[in-house]
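Reading through the C-alpha cells given below for one structure.
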4 protein chains.
Amino acid sequence: MAADLGIEVVTLAADWRRGVDYGALRAALADDAAHALKAVCAVHNETSTGVTLDLPRIRALLDETKHPALFLVDTISSLGSLDYRHDEWGIDAAVGGSQKGLMLPVGFGFTAVSEKGLAAHEKSTLPKHYFGWTTMLQRRHKSFIGTVPIALFYGLQESLRLIEEEGLDAIIARHARLAEAVRRCVRHWSGNNGPQLYCLSPERVSDSVTSILLPDGYDAEKLRRRVATMNVALGAGLARLNGKVFRIGHLGDLNEPMILGTLAATEIGLRLEGIPHAPGGVDAAMAYLAEMAA
Amino acid sequence: MAADLGIEVVTLAADWRRGVDYGALRAALADDAAHALKAVCAVHNETSTGVTLDLPRIRALLDETKHPALFLVDTISSLGSLDYRHDEWGIDAAVGGSQKGLMLPVGFGFTAVSEKGLAAHEKSTLPKHYFGWTTMLQRRHKSFIGTVPIALFYGLQESLRLIEEEGLDAIIARHARLAEAVRRCVRHWSGNNGPQLYCLSPERVSDSVTSILLPDGYDAEKLRRRVATMNVALGAGLARLNGKVFRIGHLGDLNEPMILGTLAATEIGLRLEGIPHAPGGVDAAMAYLAEMAA
Amino acid sequence: MAADLGIEVVTLAADWRRGVDYGALRAALADDAAHALKAVCAVHNETSTGVTLDLPRIRALLDETKHPALFLVDTISSLGSLDYRHDEWGIDAAVGGSQKGLMLPVGFGFTAVSEKGLAAHEKSTLPKHYFGWTTMLQRRHKSFIGTVPIALFYGLQESLRLIEEEGLDAIIARHARLAEAVRRCVRHWSGNNGPQLYCLSPERVSDSVTSILLPDGYDAEKLRRRVATMNVALGAGLARLNGKVFRIGHLGDLNEPMILGTLAATEIGLRLEGIPHAPGGVDAAMAYLAEMAA
Amino acid sequence: MAADLGIEVVTLAADWRRGVDYGALRAALADDAAHALKAVCAVHNETSTGVTLDLPRIRALLDETKHPALFLVDTISSLGSLDYRHDEWGIDAAVGGSQKGLMLPVGFGFTAVSEKGLAAHEKSTLPKHYFGWTTMLQRRHKSFIGTVPIALFYGLQESLRLIEEEGLDAIIARHARLAEAVRRCVRHWSGNNGPQLYCLSPERVSDSVTSILLPDGYDAEKLRRRVATMNVALGAGLARLNGKVFRIGHLGDLNEPMILGTLAATEIGLRLEGIPHAPGGVDAAMAYLAEMAA
C-alpha cells in the first residue's frame, strides 16, 4: 500500500532478538544529508518479540545528526505500562490503543501529535482518515469522525480513575516487578537447555510482554494447547516465530497470584510436554517477589 | 433461642480436628430407647475446620439402631462441590446456599425435605418461616414468602447451565484434585515445624475448604494481612480458631492457575512473616497436578 | 406465629380504601390506661392499596395520650421515595429494604432503632435473629449474622451516590410529581364509569405506588396480561384485591417518558379489553407534567 | 480524498425531502454507453433525512439498461431493522454496523460482497484495508486484520440469538408498526402548522428513523435540550438540517411504551417551547397501535 501512495519505506535491518542497532540508525541519519528520510518510525514495545526501543536515545540520535525527520512512535503495547513521555522525548506523532495498558476492550485508537507533526500534516497530501487532525480540530467538541463509542468512554473514565488511584509511577514499577519475576522464572527454566528469553539484550527486555523461545524441535503451539486446558491462554508466536515462541503478556490489571499461577501452569505444561527445562522456575519468581516485598 | 422454644440441643462432644466420633454417635442413638432424640443434625462440610462428615455412615447408624430420628443436614459449603445424595442417603431435610458451589452472590437459601420430614413438619408447632413448607406448597407457582430475587434466578439459570456443561461428576473430581494439590502443598510446608492441616483425619479432609494451623506463637491474622497486599484474600479462623488458623477456600469457579497463584502468594507470605515452613510447597502441588493430568 | 409466641395482635379495623381512622387509634390508646399495648405498628406506605399513613400524626397521638407504646414502622415501599424522618418523628424501630426506593436487587433488609427501642429489645425474650441488635452491636465491625452480600454493598454505594447527586428533596418531589401525573390520568379514565383510584382519601394517596380499581365485572388479571404483551408489567392486586385491582409502581429510577409510556400502554390495554374509560388519560398526565415543568 | 485517488464521484442531484429520482438515475445509466460509471452507490436508509431507497428498483434499472456497474449499498441504519436481501437484490458490496439494528455498541463494521464484487476487488489498485477481502480470505480462520474485539463477538452471539428468537419477519413488522405510530403522531401535530415529516414521499419513509421538520422560526436544538431534561435524547439535525430538524430513532430493542413515552415527552416539549402543533399526537399513535393489536 505504501508503494501505491508513492512512499518508500526503508527498513533498518535488525537481529530480531536484539532489536535495531542504534549505531546503524545514527549512520543512516548522518548519511542522509539531503534529508530524504521524512520520518523515523519506531515501535516502543514490539509485541511479537518482547523487545523495547530506547526512545530518548533515538531522539538524541536525531538531534545529534541535526536530522529534521519526524519521529513517529507506536505505543500500543506500552501505553500505561511502560514509561512514555511524549513531549519530553520529542515524539511527533504516537498511536496507542485501549486494549492493553488501559485495560479496556478493543475499540479506541489514540493519537498524539506535536506542533511539528501538525505542521507536516497540514501539508501532507496522503489519503487519511483516523489521522485527519486538521478536520478533527475544526470540529472540536462538535462532532466526531464516526458514531461515538459511548460505552468505551465510560470505561476509559473508570480505567483512568484506576490509574490515578494506583499512580502511574507505581504502575510502571509494578509492571517492572512482575515482568522481572517472569524473566527470573524463564532464566531458571533455561538451565537444562530449556526455554530461553527471546530477547537477548538485557537492557531491552519488555516489561509488558515476554517472548520465550523453546528449544529446537519442540512445538510452542502444542505447549499452548496443553496449558490452555488449565485455562491459561499463552500468546502465540507471530509470523515466522509461530511454533517456536510463546508469549506471556503481563500488562494492565495484573498482580502476583495471577502471574505466579500463569508461570506455574506453564511449568506444569513444560513437564507434561516433555520439554527440557530446569524445574523450579516458579520458586525463582517467588524468591524475587519476596525479596522485592521485604 | 432453642431453649426459649422448648428445644433441648444435645451436642456430641468432639475433637474439632477430627470431627465427631461415629462410635459415640452410635452409642447415643442406641441408648435412646425412648426416642427422645427427634433429629440428628449434621454439617456435611464444616467451613471453619475443613472437616467433613460421612453422611451415608450416619444414615447407616440410624438404620442399624432402628432410631426414628430425623436426619437434618447443612450442605451450605458442600452443595455443588462435594458428592451429596439427598434421597439415596435418606436425608430428611437439608439446607444449602447460593454463594458457595453454585457460584452466585449471597441471597438464596435452598431447602430440600423428605416425605418423612414433611410429615414431621406438618405436626410441628415451632415458629417457622423459611421452613414453612406447608404454606409454600399451598402457594405453589402462585406466590413467594417475600419479594422475588429475580436477578438471582437468572444467575441460577446460568450457574446450572455451567454445571451441566462441565458435568457434576467432573466438578466433584475437579474439587478433589485442586483440594489435594492444596493439601500436598501444606503437608510440604509442615516439614520444618511449619503450618499443618487443621484436620487430622485423612478421610475427613474437605475438598471445598482447607483450614491450616500455624505453628504456636505465629499470628494467622498478620499472615492474612500480608497476603492481602498481593490481592489474595485468605479466610480467617473462626471463633476460637481466630488468629491460629487461616483458611483457603477452593470451591466453585476455580482452576489450576487460580489455586497455584493463591498457594504461591501464601508461601511468599510465610517467608515474609518469618513463619517456619519447608519451602517448595507450590512445587509439591504442581507435581501432583502434573501427575493427575498425565 | 404471634400467638405461638404469646403475643396478642390487636388489629384496628379499617376501611381498606381509606386506611385506619386516626380517631379510633387515639381512642384505643386513650382507653389503654393499663398500657397493655406494647407497640403501635404502622405501615408507612401500604403497597397493596396505595394508602399511606401520616406517621407524625400517629406520633402526636401517642404523645397526646401519654402512651408509652413503642412506635414500629414498615418503610419498605417508602424509604428513599417518600419523606421519612426516623428521629424527628420518634419512631422506635423501622424496617426497610433494598429493592424499592434504593433501586437495588432484593437482598438487603435494613433496621433502625431508637434508644427506647434498644432498651426494650434488651429486655425482650422473644426469639429473634435479624432483630438481634444486642448481638450485632457487640460484634460491631467484626462480623455479621451471616455471609456478607458483598455485591449489594457495592450496589448500595452506587445508589447512595445517585441519591446524593439528585438530592433527597428533589427525589421526593420527583416522586410526588410523577405520582400525581398517574393520578390525573386515572381520574380522567374514571369519567365514563371507568377505573378509579383505589385510595379514597386524597391526603393519603401514595407517591410510590397507585392501586387502581376496575369497574365491576372486569378482570384486572386479563388487563395485566394484555398490557404485558407490550412489555409493561403492571402489579397484581394482592390477596382479596386480586383480579379487582391493578397497580402501577412509580418509585426509584423513574422519569417522565417511562411513566407516560406505562400509562399509554395501559390505556391501549383498557381499549383492547373493552373496559369502560374516558380516553385521554395520558393527555391529562402530560398536561400536568407540562404545567409543572413550566 | 476520492479525487486524490483518481476517482470521480458523480452525485445525482436530488431533493433531500424526496430522495433521488429513479427516472434520472435510469437516464444516467442509459446515457453511459461507454460504461464510465463503475459503481452505483446507494444509502438504503438515509439516517439524516429518514428517506429510504428502493434497492430492488435500482437493481432493476441496472438490469434494464444492461449497465455493468457494481451496486454498492450502505445498510448501516437499516441492517436488522428493514428488509434487506443481499443476494436476491443483486448487491455487489454492502457495509453494515453493529450499533443500530444489531443492538450492540459501536465497534463492528460488516461487509458483504458478491462474486462480481470480489472479482472487481481483485483487480482494484485503490488503497484498502477494511475492504481487503483478498487478504482476509487468505487468512481465513487464521488471523484478523487487527486485535479481535472479543467482547463484541459475545454481544453479537446474544443479539443474533434475540433476533432468531423474535424472528426477522416479526422484527421488520415491529419496526414498521412503531415507525407508523411515530408518523401518525407527527402528522397529527402538523395540523396547526406544526412540525411535519421531513420525508415527503410516503413510500420512502423510513421505519428506522423519522426526521421531523419544525415550522420556520423555531429552533430544533432548543427543543432537543428541553426534551433532554426529561431524559429523552432526540437526534440532532445533521449538517444543513441542524436546528431545523430533529430526529426520533426507532430501531433495535424498542417497544410500545418506549416509543410512546418518547412521543409524549416530545409533545410536552413542543408545548413548553411554544412551538405550534395540534395536541393529541400521542393519542393518534395509541389509536393506531390499538388498532394493530386488535
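Owing to the predicted nature of the structure, the values given are computational and were not obtained by experimental measurement. Worth knowing before you read on, the calculation uses all heavy atoms, side chains too, and leaves out hydrogens, waters and symmetry mates. Each chain gets a letter, A, B and so on, in the order its sequence line appears, and its residues count up from 1.
- Residue-environment remark: CZ (Phe110(C)) exceeds the threshold of 12 foreign heavy atoms within 6.0 Å.
- Of all the heavy atoms in Ala290(C) and Leu272(D), the pair that sits closest is O-CD2, 3.2 Å.
- Residue pairs meeting the salt bridge (Lys or Arg N to Asp or Glu O under 4.0 Å) criterion with at least one partner in residues 273-292 of chain C, sequence neighbours excluded, are Lys222(C)-Glu273(C), Arg226(C)-Glu273(C).
- Both the backbone and the side chain of Ala287(D) come within less than 4.5 Å of a heavy atom in chain C.
- Residues of residues 184-213 of chain C never come within less than 4.5 angstrom of chain D, heavy atom to heavy atom.
- Considering all non-hydrogen atoms of both residues, Ala264(D) and Leu260(C) come closest at CB-CD1, 3.7 Å.
- How far CE of Met258(D) is from CE of Met258(C): 10.0 Å, rounded to the nearest 0.5 Å.
- Shown here is Ile150(C), whose CD1 atom has no more than 12 heavy atoms of other residues, nucleotides or ligands within 6.0 Å.
- Here the closest non-hydrogen pair linking Thr262(C) and Pro257(D) is N-CB, 4.4 Å.
- Distance check: Met286(C) CE to Leu263(D) CG gives 9.0 Å after rounding to the nearest 0.5 Å.
- Within the structure, no pair that satisfies the side-chain hydrogen bond (donor to acceptor under 3.5 Å, both in side chains) test touches residues 231-242 of chain D, not counting sequence neighbours.
- Heavy atoms of Met230(D) lying under 4.5 Å from chain C belong to its backbone as well as its side chain.
- Inspection of non-hydrogen atoms places no residue of residues 167-177 of chain C under 4.5 Å from chain D.
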